[in-house]
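Just so it is clear, the structure is predicted and the values come from calculations on it, not from any experiment. Numbers here are sequence positions counted from 1.
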Amino acid sequence: MPELSQETEQGRPAQPPFGWVEVTGPSMVPTLYHGDQLLVRHGARVRPGDIVVLRHPLQQNLLVVKRAAERRDGGWWVLADNPFGATTDSEEFGVVPDELMVGRAVFRLRRMPEPDQRSPLAVARWVLSAARPLFADRSASRRLRAR
């Protein structure tokens, strides 16, 4: 019989291995856009370049999507992909402790174009690009660390 996790023993249900989150805001453009859905693997091992979901260190009820740039003492340095957007990342709140890391994004689903923008060409483009796996982007990690 498998051992129960501490959360289950304390009366809280254990977290499922996968979950969906929605991207809001422009901080991860051009990689992710407002309205994209991400399949997140909870508790997955994080590597530099991964897109991660974390609890905001200053508002822990707020989930944030960022790129893990590098491992530092005390946690992860995370940055937005969009250097021109108004974003909050480790440049504002510092290193993110491991206990605030929710998981790693493994799959992206783009939202469907608005009804008034659903030309046959727009729908065809959406079908070809809507569902994609997300891989660690090592070049983005190096580029972001240089900022």
Side-chain angles (χ1 to χ4, degrees), residues 5-8 12-147:
S5 71
Q6 286 181 335
E7 287 184 347
T8 304
R12 293 185 299 238
Q15 193 171 36
F18 291 94
W20 288 96
V21 298
E22 183 174 335
V23 176
T24 57
S27 73
M28 291 300 291
V29 171
T31 308
L32 303 172
Y33 292 93
H34 181 81
D36 286 355
Q37 299 284 323
L38 300 179
L39 180 63
V40 177
R41 183 168 182 201
H42 297 286
R45 181 172 168 250
V46 176
R47 296 168 302 197
D50 283 341
I51 295 174
V52 295
V53 176
L54 56 117
R55 294 194 180 286
H56 193 290
L58 306 175
Q59 284 181 285
Q60 293 183 12
N61 61 338
L62 177 66
L63 293 179
V64 180
V65 177
K66 300 294 176 203
R67 188 172 302 275
E70 67 181 340
R71 182 89 173 134
R72 294 190 178 180
D73 287 339
W76 282 95
W77 190 259
V78 297
L79 294 170
D81 280 4
N82 183 356
F84 305 110
T87 64
T88 59
D89 55 20
S90 286
E91 292 179 349
E92 179 181 317
F93 49 71
V95 174
V96 178
D98 288 328
E99 56 269 11
L100 296 182
M101 301 297 279
V102 173
R104 176 173 46 95
V106 295
F107 196 79
R108 180 213 70 210
L109 181 63
R110 294 246 193 255
R111 73 183 159 120
M112 184 75 159
E114 298 298 324
D116 59 336
Q117 298 173 350
R118 289 187 188 164
S119 69
L121 179 60
V123 171
R125 270 207 238 110
W126 178 80
V127 167
L128 293 174
S129 69
R132 292 258 167 98
L134 293 171
F135 301 108
D137 185 350
R138 306 267 189 257
S139 64
S141 177
R142 283 192 297 275
R143 184 181 73 247
L144 290 169
R145 279 196 312 259
R147 281 203 292 176

- Message: Under 4.0 Å between a side-chain nitrogen and a carboxylate oxygen: does that hold for Arg132 and Asp36?
- Response: no
- Item | Under the side-chain hydrogen bond (donor to acceptor under 3.5 Å, both in side chains) test, residues paired with His34 that sit two or more places apart | none
Pairwise distance [atom1]([X]) to [atom2]([Y]) - rounded to 0.5 angstrom:
| X | Y | atom1 | atom2 | value |
| --- | --- | --- | --- | --- |
| Trp20 | Leu38 | CH2 | CG | 8.0 Å |
| Glu70 | Leu79 | CD | CG | 8.5 Å |
| Leu109 | Gln37 | CG | CD | 6.5 Å |

Give me the atom names and distance for the closest heavy-atom approach of [X] to [Y].
| X | Y | value |
| --- | --- | --- |
| Ala68 | Val78 | CA-CG1, 4.1 Å |
| Val96 | Pro57 | CG2-CG, 4.1 Å |
| Arg67 | Gly49 | NH1-O, 2.6 Å |
| Leu134 | Ala105 | CD1-CB, 3.7 Å |
| Arg104 | Arg45 | NE-O, 3.2 Å |
| Trp76 | Val46 | CZ2-O, 3.2 Å |

Below 3.5 Å, can you tabulate the donor-acceptor pairs from side chains in residues 59-66 to any protein atom, sequence neighbours excluded?
| from | atom 1 | to | atom 2 | distance (Å) |
| --- | --- | --- | --- | --- |
| Lys66 | NZ | Ser27 | OG | 3.0 |
| Lys66 | NZ | Thr88 | O | 3.2 |

- Just wondering, more than 12 heavy atoms not from Arg110 lying within 6.0 Å of its CZ? yes
- Message: What I'd like to find out is whether the side chain of Ile51 reaches to under 4.5 Å of the side chain of Thr31, using heavy atoms alone.
- Response: yes
- So do Val40 and Val106 actually touch side chain to side chain, heavy atoms under 4.5 Å? no
Would you check if the side chain of [X] reaches a backbone N or O of [Y] as a donor-acceptor pair within less than 3.5 Å?
| X | Y | value |
| --- | --- | --- |
| Asp50 | Val52 | no |
| Ser90 | Trp77 | no |
| Asp89 | Ala80 | yes |

- Message: Applying ring-ring contact (aromatic ring centres under 6.0 Å, His included) to His56 and Phe93, what does each step give before you reach the verdict?
- Response: CA-CA 9 Å; His56 193 290; Phe93 49 71; 4.9 Å; yes
- Only counting residues at least two apart or in another chain, list the ones meeting side chain to side chain contact (heavy atoms under 4.5 Å, CB included) with Pro17. none
